[in-house]
Protein chains: 2
Amino acid sequence: MRKVTIKDVAESAGVSKATVSKVLNQRYDVNGETAERVQRAIAALGFVKDRRAVQLAQGRSDSVGLIVPSSTDEWMIEVLRGAMQEAQAARFTIAVQTFPEGVADTDRLVADLRGRAFDGVLVVQPRDHLPWLPDLQAAGIPVTVLDDHGTNPGITAFVPDESTGIEEAVSHLVGLGRESFALLSGPNEERTRYTSEKRLALYRAALLARGFVLDDAHVVPAEYSLAGGEAGVAHLLKRGVRFDALIASSDAMAVGAMRALKAAGLVVPRAVSVVGFDDFPAANYTDPRLTTVHNPLFDMSARAVRGLIASITGKVRQEAAREIVRTHLIVRDSTGPAINQGG
Amino acid sequence: MRKVTIKDVAESAGVSKATVSKVLNQRYDVNGETAERVQRAIAALGFVKDRRAVQLAQGRSDSVGLIVPSSTDEWMIEVLRGAMQEAQAARFTIAVQTFPEGVADTDRLVADLRGRAFDGVLVVQPRDHLPWLPDLQAAGIPVTVLDDHGTNPGITAFVPDESTGIEEAVSHLVGLGRESFALLSGPNEERTRYTSEKRLALYRAALLARGFVLDDAHVVPAEYSLAGGEAGVAHLLKRGVRFDALIASSDAMAVGAMRALKAAGLVVPRAVSVVGFDDFPAANYTDPRLTTVHNPLFDMSARAVRGLIASITGKVRQEAAREIVRTHLIVRDSTGPAINQGG
DNA sequence: CTGTTAGCGCTTTCAC
DNA sequence: GTGAAAGCGCTAACAG
């Protein structure tokens with residue numbers, strides 16, 4: 001039994017393909033009786049529209065491509081969630097693709113994108129400048145980037161404003177009576193330097209604004225990982241650096257730091273208060289639960305996809321905007337009053 | 001400037017569409033010189049194949065639909081990772097869709113699937129029997145389910161064999177000198193009962209095989225969450241139940257349990273050893289790090305997608321198989337020697 | 001209201 | 001080797 005097409009339905013119902021199409025698409029210029037006959041034929045034959053044919057005919061693919069870094073980190077799930085929430089509402093599909101590795105891979109992806117495999121594209125955390133983004137846009141394919149490093153000007157972007165969360169964090173720590181700060185910065189790698197230095201500079205400024213100088217001896221570069229955090233704190237301790245507040249540039253680092261502090265007999269949050277960055281899912285499962293700056297990935301992603309869909313469906317010519325999304329501190333249990341205040 | 005099609009290239013190169021198509025698809029029955037001329041035209045016009053047209057013409061959509069429960073839990077990322085790994089290798093895209101809520105939603109999804117929006121479908125953790133799965137299969141669309149509850153016979157499924165991990169867990173605890181066990185089982189809800197009771201039964205049997213009876217007083221139903229774990233342990237403690245090993249039916253529960261134990265002054269792992277289930281990403285970030293039964297989602301998902309792609313591309317008629325994937329215990333720090341053994 | 005006629009853009013026989 | 005023509009299955013003007 002061959003695949004049943006709209007043509008079969010038409011013949012079976014004694015009408016033309018056009019009429020069937022109209023019935024299928026709920027057009028109101030069809031006689032009630034005819035419509036019924038068509039419906040019966042559809043049911044009898046078990047007909048279903050071929051999506052691909054519809055897509056070609058309508059010039060849409062009802063999907064948004066989500067290009068993610070190949071190292072799908074835990075936080076990716078937040079991005080996906082946000083994207084799916086919006087996609088579902090608009091009956092779009094989220095097509096996940098991982099970032100291309102080499103030149104050949106890149107060319108293929110770009111060809112797919114320009115070939116309109118998707119109606120719009122959301123690029124998550126591009127490390128570098130992506131020269132093909134403007135081309136896509138010029139080709140009329142809406143593109144948005146999430147959390148880039150400012151390396152793709154002219155492309156609509158949603159980026160977190162880390163300063164608000166950092167201000168809150170510093171204000172929180174200072175309010176708690178903390179007086180000497182140490183900071184675990186990101187690793188000295190090309191790829192991560194931008195984020196890393198930005199966060200450091202913001203912390204430094206926020207502290208300075210409150211009269212605290214964060215000198216270089218109190219800053220140690222570390223990997224964005226649990227092990228990195230452990231090593232970082234061990235390093236600080238070994239050098240005899242004193243601090244009652246520790247700021248980590250990622251949550252995993254913060255957890256490692258808490259482990260190292262505990263190993264050294266320093267109680268978190270009393271002896272040392274710790275704040276992380278990102279608010280990863282595990283932040284609620286650490287002991288103590290982690291106070292951290294929430295990176296609003298879900299929101300950014302949802303807003304980005306909503307915007308993309310709007311410019312896909314509404315034909316609203318997307319205009320390059322840079323949406324800055326505020327970050328906030330989530331206070332949990334890894335921060336608390338200073339020892340001499342607690343009573 | 002209109003969209004450039006294969007026809008434009010053909011005219012520009014002075015050949016027919018067919019020839020262009022052959023060049024595009026690396027067919028060898030094209031004269032070298034002609035091919036070059038076509039290539040130049042392609043480059044000059046900036047032509048790119050329209051994916052949708054290719055898809056319609058070839059009857060493929062180069063994608064695998066991933067239907068996930070709407071409550072995208074943390075563990076979903078593992079499923080996605082596994083799926084993407086395989087998809088990427090085969091140049092397929094993973095199109096994520098969330099489970100339909102009502103009847104209308106379901107109908108629409110089924111219509112999309114039967115309408116070949118995707119070449120194959122992977123359904124993750126269907127709660128109930130899905131009557132439309134066999135239909136899809138009958139329509140020639142490969143379908144596989146991941147971690148179902150045996151509610152969809154006749155459909156290829158990848159399911160974890162929890163018994164192996166549970167055997168290992170019990171053997172590990174007993175080997176540690178643990179003698180009295182308590183178990184936090186799943187909630188008394190319709191939806192989760194299957195998993196919950198299966199795990200309980202397996203634990204009970206494994207313990208019995210080693211001479212330990214897990215009586216009802218030592219089993220308490222709890223939510224699969226941190227709060228559930230806390231409440232469960234509080235309940236046990238209040239009732240004066242004594243135990244030196246606690247088995248949780250999920251990792252989040254295990255973390256909650258550890259919190260409650262700590263609050264009660266019971267040290268993990270010495271006073272009470274705790275084992276979880278799933279090996280969620282946060283298991284490495286808890287304090288102590290969680291010993292738990294690893295749920296091989298990544299592997300199952302990767303294997304499932306690989307199988308789907310094989311039957312999509314190879315035209316290998318997929319035969320309903322039930323792949324049982326062994327689980328294993330990951331020993332971390334929440335389990336350790338019993339108090340009187342430690343020395 | 002309904003049907004005719006062109007598409008959508010590429011692939012694929014099958015003659016030449 | 002190359003091209004004409006017939007799809008793939010649906011949509012969309014435009015007559016009638």
Side-chain angles (χ1 to χ4, degrees), chain A residues 1-39 41-42 45-62 111-112 114-117 119 139-141, chain B residues 1-39 41-42 45-62 111-119 139-141:
Chain A
M1 100 192 177
R2 229 182 70 267
K3 165 154 224 212
V4 1
T5 77
I6 204 178
K7 191 180 161 200
D8 303 322
V9 176
E11 284 169 3
S12 159
V15 296
S16 74
K17 292 194 313 180
T19 303
V20 177
S21 178
K22 282 169 192 157
V23 173
L24 248 25
N25 297 300
Q26 327 260 37
R27 289 292 184 64
Y28 293 114
D29 48 355
V30 179
N31 178 2
E33 150 126 16
T34 315
E36 284 231 339
R37 215 167 59 245
V38 172
Q39 293 287 18
I42 288 176
L45 300 176
F47 166 83
V48 233
K49 273 203 276 203
D50 185 308
R51 298 298 307 158
R52 291 167 309 211
V54 175
Q55 285 166 7
L56 176 58
Q58 304 201 124
R60 316 211 283 93
S61 55
D62 308 313
D112 280 356
R114 297 199 41 187
R116 305 190 161 266
D119 292 327
I141 301 169
Chain B
M1 99 191 178
R2 230 185 64 268
K3 164 155 226 209
V4 2
T5 76
I6 205 178
K7 190 179 161 200
D8 303 322
V9 176
E11 284 168 2
S12 159
V15 297
S16 74
K17 292 195 312 180
T19 303
V20 177
S21 178
K22 282 169 192 157
V23 172
L24 247 25
N25 298 300
Q26 328 259 37
R27 291 292 184 65
Y28 294 114
D29 48 354
V30 179
N31 178 3
E33 150 127 16
T34 314
E36 284 231 338
R37 216 166 60 244
V38 172
Q39 293 286 17
I42 289 175
L45 300 176
F47 166 83
V48 232
K49 273 203 277 203
D50 185 307
R51 297 299 307 157
R52 289 167 310 211
V54 175
Q55 285 165 9
L56 176 58
Q58 305 200 125
R60 314 209 283 91
S61 56
D62 309 313
D112 280 357
L113 296 180
R114 296 199 43 187
R116 305 190 162 266
F118 316 117
D119 293 326
I141 300 169

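So you know, we letter chains A, B, ... as the sequences are listed, proteins then strands, and number each from 1.
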Please tabulate, one pair per line, each protein N/O and nucleotide N/O from nucleotides 10-12 of chain C that are separated by under 3.5 Å, including the distance.
| unit_1 | atom_1 | unit_2 | atom_2 | d |
| --- | --- | --- | --- | --- |
| C:dC10 | OP1 | B:D50 | N | 3.4 |
| C:dC10 | OP2 | B:I6 | N | 2.6 |
| C:dC10 | N4 | B:K17 | NZ | 3.0 |
| C:dT11 | OP1 | B:N25 | ND2 | 3.4 |
| C:dT11 | OP1 | B:K49 | NZ | 3.4 |
| C:dT11 | OP2 | B:S21 | OG | 2.9 |
| C:dT12 | OP2 | B:R27 | NH2 | 3.3 |

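- In terms of position on DNA chain D, the residue among A:R52 and B:G32 whose nearest nucleotide sits closer to the 5' end is B:G32.
- For A:K3 and A:D50, the salt-bridge test passes: some basic side-chain N is under 4.0 Å from an acidic carboxylate O.
- A distance-only check finds no donor-acceptor pair linking the side chain of B:R116 to the backbone of B:G59 [under 3.5 Å].
- Here the side chain of A:D119 pairs a donor or acceptor atom with the backbone of A:S61 at under 3.5 angstrom.
- The pair A:D62-A:R51 meets the salt-bridge criterion, since a charged nitrogen lies less than 4.0 angstrom from a carboxylate oxygen.
- Distance check: A:D8 CG to A:I42 CD1 gives 12.0 Å after rounding to the nearest 0.5 Å.
- Of the listed residues (B:V4, B:T5, B:V9), just one forms a side-chain contact (heavy atoms from CB on, under 4.5 Å) with B:K7, and that residue is B:T5.
- Side chain of A:S12 to backbone of A:A41: no donor-acceptor contact under 3.5 angstrom is found.
- Nearest heavy atoms, B:V54 versus B:K49: CG2-CD, 3.8 Å.
- Between the OG1 atom in B:T19 and the CG atom in B:N31 there is a gap of 10.5 Å [rounded to 0.5 Å].
- Atom CZ of B:F118 is separated from atom CZ of A:R52 by 11.5 Å, given to the nearest 0.5 angstrom.
- B:D29 comes within 4.0 angstrom of a nucleotide base, judged by non-hydrogen atoms across all strands.
- Remark on the helix from C:dC1-D:dG16 to C:dC16-D:dG1: inter-end axis angle 40°, axes from five-pair C1' superpositions, rounded to 10°.
- In this model, the phosphate group of C:dT2 is approached by a side-chain N or O of A:T34 to a distance below 4.0 Å at OP1 or OP2.
- If you walk DNA chain D from 5' to 3' and mark each nucleotide with an atom closer than 4.0 Å to a heavy atom of chain A, the marks span D:dG9 to D:dA12.
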